[in-house]
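Working notes for the structure below.
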Amino acid sequence: MAITKQSMDMVIESVKDFFKNLINPNMKIEDIAEVVASRLDNVIIEHEKQGLHYSAGKFYIKYIDEKNFQLQFEMFFKDNDDKWHKLANESELRDMSLLEIGAAKTLDKLKVIEFPISAPEIKPEVIEEKTAEEKAAAEENKTVEEKFDELTGVKPEK
């Protein structure tokens with residue numbers, strides 16, 4: 001599948017609202033990481049469907065000041081022409097009071113908490129979707145003889 005400017009624009013547009021509705025009050029660092037991990041898995045899967053191949057990435061929780069923190073990620077993909085594509089996003093500043101007290105203290109002390117982004121395990125529904133696409137492509141490539149034989153059960157004489 002060729003990567004077009006239009007498909008790349010769609011890919012970039014798909015992560016604009018990534019951090020919306022992510023943080024709930026009293027969250028621990030592990031809770032944030034868990035919620036973000038599942039969202040990032042979905043982003044990677046969607047980009048791979050567009051023909052990109054995930055390579056590496058990191059997710060950050062960053063201390064901004066005593067009142068604010070921020071979430072960020074960056075991921076790197078390669079296309080079929082070995083061209084690199086960086087996908088990155090950051091949240092608006094978030095109020096430290098949203099974090100559980102221990103999480104806020106940890107972030108204050110460390111300033112940046114970094115998590116590597118691993119490629120997701122391929123989910124069964126993704127495999128089924130790819131299989132359905134492959135079957136549809138194979139169906140389109142059948143010869144007239146094969147379609148006639150399949151529909152009628154009668155093999156044409158050669």
Side-chain angles (χ1 to χ4, degrees), residues 1-140:
M1 167 186 278
I3 306 287
T4 64
K5 178 169 176 11
Q6 182 181 13
S7 64
M8 275 311 297
D9 289 345
M10 283 182 4
V11 163
I12 292 167
E13 194 68 28
S14 71
V15 294
K16 281 190 175 177
D17 293 332
F18 183 85
F19 289 113
K20 282 190 176 177
N21 305 318
L22 178 69
I23 301 292
N24 296 314
N26 209 30
M27 287 188 86
K28 297 178 183 176
I29 298 296
E30 300 81 18
D31 297 335
I32 295 171
E34 188 176 311
V35 170
V36 169
S38 66
R39 286 187 179 195
L40 289 172
D41 284 352
N42 291 334
V43 169
I44 292 168
I45 290 168
E46 286 303 312
H47 287 65
E48 288 189 342
K49 285 181 186 176
Q50 295 294 323
L52 296 174
H53 310 284
Y54 179 71
S55 182
K58 292 187 179 185
F59 167 69
Y60 308 92
I61 303 173
K62 293 186 173 184
Y63 176 90
I64 302 300
D65 57 35
E66 64 278 349
K67 292 185 179 194
N68 298 292
F69 70 99
Q70 188 174 45
L71 308 173
Q72 298 177 345
F73 73 82
E74 60 184 12
M75 295 188 288
F76 298 90
F77 295 83
K78 255 188 173 180
D79 61 24
N80 291 332
D81 297 325
D82 280 342
K83 182 179 175 187
W84 286 99
H85 299 272
K86 179 180 179 182
L87 185 63
N89 199 345
E90 60 185 30
S91 71
E92 296 177 358
L93 296 182
R94 303 296 173 134
D95 195 304
M96 284 288 236
S97 67
L98 289 171
L99 296 176
E100 180 263 337
I101 192 75
K105 286 180 181 179
T106 300
L107 188 56
D108 182 30
K109 183 176 181 176
L110 298 176
K111 303 301 184 210
V112 176
I113 300 172
E114 181 180 300
F115 298 92
I117 301 171
S118 302
E121 293 179 24
I122 296 179
K123 309 243 185 292
E125 59 270 16
V126 173
I127 294 170
E128 289 173 17
E129 186 175 309
K130 285 185 179 182
T131 304
E133 288 173 2
E134 290 168 357
K135 285 180 183 176
E139 184 66 31
E140 286 179 12

inquiry  = Testing the 3.5 Å rule here: is there a donor-acceptor pair between the side chains of E74 and Q72?
reply    = no
ask   = Is a side-chain donor or acceptor of D95 paired with a backbone partner of S97 at a separation under 3.5 angstrom?
value = yes
inquiry  = Is any side-chain heavy atom of Y60 closer than 4.5 Å to one of E90?
reply    = no
Any pair counted as salt bridge (charged side-chain N to carboxylate O under 4.0 Å, His left out), so long as it reaches residues 106-116, sequence neighbours left out = K58-E114, D108-K111
inquiry  = Any non-hydrogen side-chain atom of I32 less than 4.5 Å from a side-chain atom of I113?
reply    = no
key: Aromatic plane relationship, F76 with W84 - under 30° parallel, 30 to 60° tilted, over 60° perpendicular   = perpendicular
inquiry  = How close do K83 and H85 get, counting heavy atoms only, and between which atoms?
reply    = O-CD2, 3.4 Å
query = For the residue pair F77 and Y54, is the inter-centroid distance of their aromatic rings smaller than 6.0 Å?
reply = yes
key: Distance (rounded to the nearest 0.5 Å) between E100 CD and L107 CG   = 12.0 Å
request  = Quick one: closest heavy-atom pair of I44 and P120, and the distance?
outcome  = CG2-CD, 3.6 Å
request  = Kindly determine whether F59 and L40 satisfy side-chain contact (heavy atoms from CB on, under 4.5 Å), including the steps that lead there.
outcome  = CA-CA 9 Å; F59 167 69; L40 289 172; 4.3 Å; yes
message = Using 0.5 Å steps for rounding, measure from the CD1 atom of I64 to the CE atom of M96.
response = 9.0 Å
ask   = How long is the span from the CZ atom in F115 to the CD atom in E30, to the nearest 0.5 Å?
value = 7.0 Å
note = Heavy-atom nearest pair, K28 first then A103, reads CA-CB, 4.1 Å
key: Pairwise distance CG(L93) to CG(D65) - rounded to 0.5 angstrom   = 7.5 Å
key: Side-chain heavy atoms of V36 within contact of F73, under 4.5 Å   = no
